[in-house]
Amino acid sequence: MMLVNDPTSSFAFPAPCAPTRLRVNSSCESNDIVVSWQASRGSDSYIAVAENTQGRRWSCNSSSTSCQISGLLCGQKYKVYVVGVDDNCIGAKSEEKMIRTAPCVPQSVQNDLDCLSGVLNVTWRSTGYLVDFRASVVSSEGHVSVCTTKKHHCVVRNMKCGLTYDVTVVARDEACNSSRSPVEQLSTAPCPPPSFLPALDCGTGVVSVTWNHSVEAVVYTVSAVDAFGRRYDCNGTYSSCSFSTLECGTEYNVTITPSRNGCVGRNSPTKMIMTVPCVPHLSEVEVDCLTNSAWVMYNQSAGAEDYVVMATDSQGNVRTFECNSTSDGTCALPPLTCSQNLTFTLKAQDEQCTSAASNGITAETAPCPPENVMESVDCDSGTITVTWSAVAGAVSYTATLDEISGGATACCTTSDTSCDVADLPCGEMYVLYVTAQGRTCNSSESQEQLTRTVPCVPENLDAGLSCRTNVASMTWNYSKGGQFYKVKAVSTDGHEDGCSSPNNRCDLTSLRCGQYYTATVTAEDVVCRSEPGDSVTIKTVPCTPENVSSVMACDANALVVSWSESSGADSYIATMQDSDGQRTSCQAMTEGSCNMTGLGCGQILHVAVVSSDGFCDSPPSPSVDTPSGRTEREVTDGCLKERQTEMQLELGKTER
């Protein structure tokens with residue numbers, strides 16, 4: 001290439017003529033041009049010139065009618081002409097043609113991507129005349145975005161996440177496009193995981209977030225934000241990360257934000273997770289001693305939907321009770337087992353998790369009512385001894401006797417399993433029960449049972465003796481507590497007789513005659529017998545005289561009756577009955593005989609003796625038969641005379 005000046009020389013020889021029919025051929029792919037012309041007269045060779053607007057020239061020499069001018073600047077306007085040359089001169093210019101070289105390739109293409117919004121701002125530099133630019137953004141999926149502008153920057157929107165893009169810029173005019181700029185590659189923000197799962201470990205309180213479709217070199221930031229805007233983050237390059245410091249009982253909105261090389265993508269959709277309910281604080285436990293139900297008071301905890309109360313006994317057995325969260329810090333428990341030393345704890349729970357146990361509070365239920373209550377009465381002292389089985393948790397016991405009649409109450413208290421109740425009135429019926437006293441509560445009453453004290457001594461014992469039967473009818477007043485009565489009679493010689501009855505009377509039927517008996521009465525129930533009451537003395541019917549005999553004293557016409565003394569007798573009466581039924585008697589005090597005179601003649605005399613004590617007569621002795629002392633003839637004559645005399649007396653009475 002040769003730069004030439006405008007020929008101005010003046011020779012004597014005529015200069016070559018200007019070439020004609022100038023033609024310029026240019027290509028959009030190259031900045032070289034081919035210039036052709038028609039030969040001109042006087043020209044030995046030719047010079048083709050391309051001059052830009054700044055006066056800079058490019059040329060080519062040719063002895064033919066065409067040549068190529070190379071190395072023109074892109075994007076420039078040129079005037080092209082040809083001159084003929086001989087050995088002495090440069091001829092006149094041909095006509096000029098104006099051309100443009102292809103637009104320059106844009107340079108220094110730069111990409112400024114807003115990762116979050118997906119907006120790409122492409123900038124570049126360019127030289128040459130003013131042209132249009134066309135920026136092309138082609139994704140790794142083959143999607144093409146184009147923007148056209150006269151400026152040196154262009155905005156491409158809606159860039160998809162997780163793709164690689166090739167960016168090129170082309171300059172163009174009415175005829176040509178430049179070559180593409182060097183490819184600039186960029187990666188958009190990584191996409192958030194299409195799905196993820198937050199999971200809560202109820203035991204540790206750790207929240208783990210897992211997802212699929214992890215992309216290499218992408219950092220995933222998991223954020224948990226509570227209602228107050230407090231934010232917790234954890235990062236993972238694989239497919240999970242965990243939170244170990246989240247507040248208990250708090251609801252968090254969880255999102256995942258991907259980033260790579262400082263390019264932060266859009267957040268994932270939000271998911272909610274509730275952490276483990278906070279551990280509640282147990283403030284007080286009150287036991288209702290009457291029912292053994294309990295009230296548990298606590299401070300409500302965040303995240304709790306309801307609560308569970310655990311009652312653990314000394315053997316490690318656990319009973320659980322549910323309480324809803326509307327209980328306003330109190331929970332009523334149903335009746336608990338008696339005689340238990342319980343440790344109460346509380347847990348809060350929601351639909352998913354249960355908190356750790358609260359602090360523990362120990363409380364005792366009321367002792368169980370004593371069992372196997374038994375009573376025994378000391379019939380001599382009247383003391384009632386009460387025994388029972390030991391009760392867990394009891395520090396003392398009280399045995400109580402309530403009079404059924406509504407009178408006084410007696411009791412005894414002890415730390416042992418038995419006690420005595422003394423000085424009780426006789427003949428009373430009591431309701432017996434035992435209660436156990438614990439450190440804070442008393443038990444309910446044991447099963448009630450009836451008991452009696454020793455029957456009272458019967459009073460006003462009286463004896464009524466039947467002289468005919470020698471049976472003593474005993475009567476007395478009913479005594480308190482007496483269900484059965486026994487009478488005992490002991491004679492001076494040690495003989496005993498007795499009778500019994502559920503009523504206030506009975507008969508002594510086996511008394512011996514002529515004895516003094518001391519009689520007493522006692523009252524009994526099914527267990528005890530009272531002391532005997534005041535005694536009464538019974539004198540039985542005198543015994544029937546024995547060894548009765550009679551002897552006829554003929555001279556005196558008297559009958560002498562004799563007998564042995566009988567026990568209990570103060571006097572005796574001997575009675576004689578003759579054959580006509582006439583009776584004659586004689587009485588003696590302590591002597592063992594008496595005489596009967598004025599006896600009838602010719603009779604068979606029947607003699608019997610009874611003894612008497614002034615109140616009762618004994619049964620008569622067996623009859624003894626004795627004839628009178630005259631002969632039968634004497635008896636007969638005497639009788640006839642007596643009868644005649646009697647008849648005369650009766651007739652005399654009639655006549656008068």
Side-chain angles (χ1 to χ4, degrees), residues 369-389 396-436 445-464 472-491 494 496-510 517-538:
E371 295 182 340
N372 301 320
V373 176
M374 301 180 68
E375 51 81 24
S376 61
V377 181
D378 185 328
C379 298
D380 294 331
S381 66
T383 297
I384 293 180
T385 299
V386 186
T387 61
W388 56 86
S389 298
S396 64
Y397 305 88
T398 298
T400 303
L401 295 165
D402 287 336
E403 272 189 25
I404 289 182
S405 60
T409 296
C411 64
C412 60
T413 299
T414 180
S415 58
D416 203 351
T417 55
S418 68
C419 66
D420 297 334
V421 184
D423 300 324
L424 295 172
C426 64
E428 292 292 345
M429 182 175 287
Y430 290 89
V431 175
L432 168 64
Y433 56 87
V434 182
T435 57
E445 299 169 356
S446 66
Q447 187 173 0
E448 294 180 347
Q449 59 189 68
L450 295 178
T451 187
R452 296 174 182 269
T453 54
V454 176
C456 293
V457 175
E459 295 179 346
N460 298 324
L461 178 64
D462 190 26
S473 295
M474 310 300 294
T475 61
W476 57 89
N477 292 345
Y478 285 107
S479 68
K480 262 188 162 184
Q483 297 176 318
F484 197 73
Y485 300 89
K486 286 186 176 180
V487 176
K488 180 180 179 182
V490 181
S491 69
E496 292 185 7
D497 191 12
C499 64
S500 59
S501 171
N503 300 313
N504 65 336
R505 64 182 60 248
C506 70
D507 294 336
L508 296 173
T509 60
S510 299
Y517 283 85
T518 300
T520 56
V521 62
T522 56
E524 296 181 0
D525 58 16
V526 294
V527 177
C528 287
R529 177 184 297 175
S530 73
E531 290 294 321
D534 293 337
S535 63
V536 294
T537 300
I538 305 171

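Keep in mind it's a predicted model, so treat the numbers as computed, not measured.
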(request) Indicate the atoms forming the closest heavy-atom contact of D416 with Y397, along with that distance. (result) O-CD1, 3.0 Å
(request) State, yes or no, whether a side-chain contact exists between I384 and T453 at a heavy-atom distance under 4.5 Å. (result) yes
(request) Check whether any side-chain heavy atom of I404 sits under 4.5 Å from a side-chain heavy atom of V431, and report yes or no. (result) yes
(message) Measuring only between side-chain heavy atoms, which start at C-beta, is W388 closer than 4.5 Å to C419?
(response) yes
(request) Please round to the nearest 0.5 Å and tell me the distance separating atom CG of L401 and atom CG of L432. (result) 5.0 Å
Show which side-chain atoms of residues 370-383 pair as donor or acceptor with protein atoms under 3.5 Å away, not counting sequence neighbours.
from	atom 1	to	atom 2	distance (Å)
N372	ND2	S389	OG	2.8
E375	OE1	T451	OG1	2.9
D378	OD1	D380	N	3.0
D378	OD1	S381	N	3.2
D378	OD2	S381	OG	3.4
S381	OG	T383	N	3.3
S381	OG	T383	OG1	3.3

(request) Identify the heavy atoms of T520 and S535 that sit nearest to each other, and give their distance. (result) CG2-CB, 3.5 Å
(message) Any non-hydrogen side-chain atom of P455 less than 4.5 Å from a side-chain atom of C528?
(response) yes
(request) Heavy atoms only: give me the nearest V521-P458 pair and the separation to one decimal. (result) CG1-CB, 3.7 Å
(message) Distance check, rounded to the nearest 0.5 Å: T509 atom OG1 versus D497 atom CG?
(response) 5.5 Å
(message) How close do I538 and A519 get, counting heavy atoms only, and between which atoms?
(response) CD1-CB, 3.9 Å
For residues 477-484, dump all side-chain donor-acceptor pairs below 3.5 Å to protein atoms at least two apart in sequence or in another chain.
from	atom 1	to	atom 2	distance (Å)
S479	OG	C456	O	3.0
K480	NZ	E428	OE2	2.5
Q483	OE1	V526	N	3.3

(request) Please report the closest heavy-atom contact between V457 and S530, naming both atoms and the distance. (result) CA-OG, 3.9 Å
(message) For Y430, give me all partners under ring-ring contact (aromatic ring centres under 6.0 Å, His included), at least two apart in sequence or on another chain.
(response) none
(message) Using every non-hydrogen atom in the two residues, find where W476 and N503 come nearest and quote the distance to one decimal.
(response) CZ2-O, 3.1 Å
(request) Answer with yes or no whether the side chains of T413 and T398 bring together a donor and an acceptor at under 3.5 Å. (result) yes
(message) Once rounded to the nearest 0.5 Å, what's the spacing between atom CD of E531 and atom OG1 of T522?
(response) 9.5 Å
(request) Kindly write out the residues that satisfy side chain to side chain donor-acceptor pair (under 3.5 Å) with S405, not counting sequence neighbours, or none if the list is empty. (result) E403
(request) Can you run down the salt bridge (charged side-chain N to carboxylate O under 4.0 Å, His left out) pairs that involve residues 519-530, sequence neighbours left out, and say none if there aren't any? (result) K486-E524, E524-R529
(request) Please identify each residue that fulfils side chain to side chain contact (heavy atoms under 4.5 Å, CB included) with S473, with sequence neighbours left out. (result) D507
(request) Side-chain contact test, heavy atoms from C-beta onward, threshold under 4.5 Å: evaluate it for S446 versus Y433 and give yes or no. (result) yes
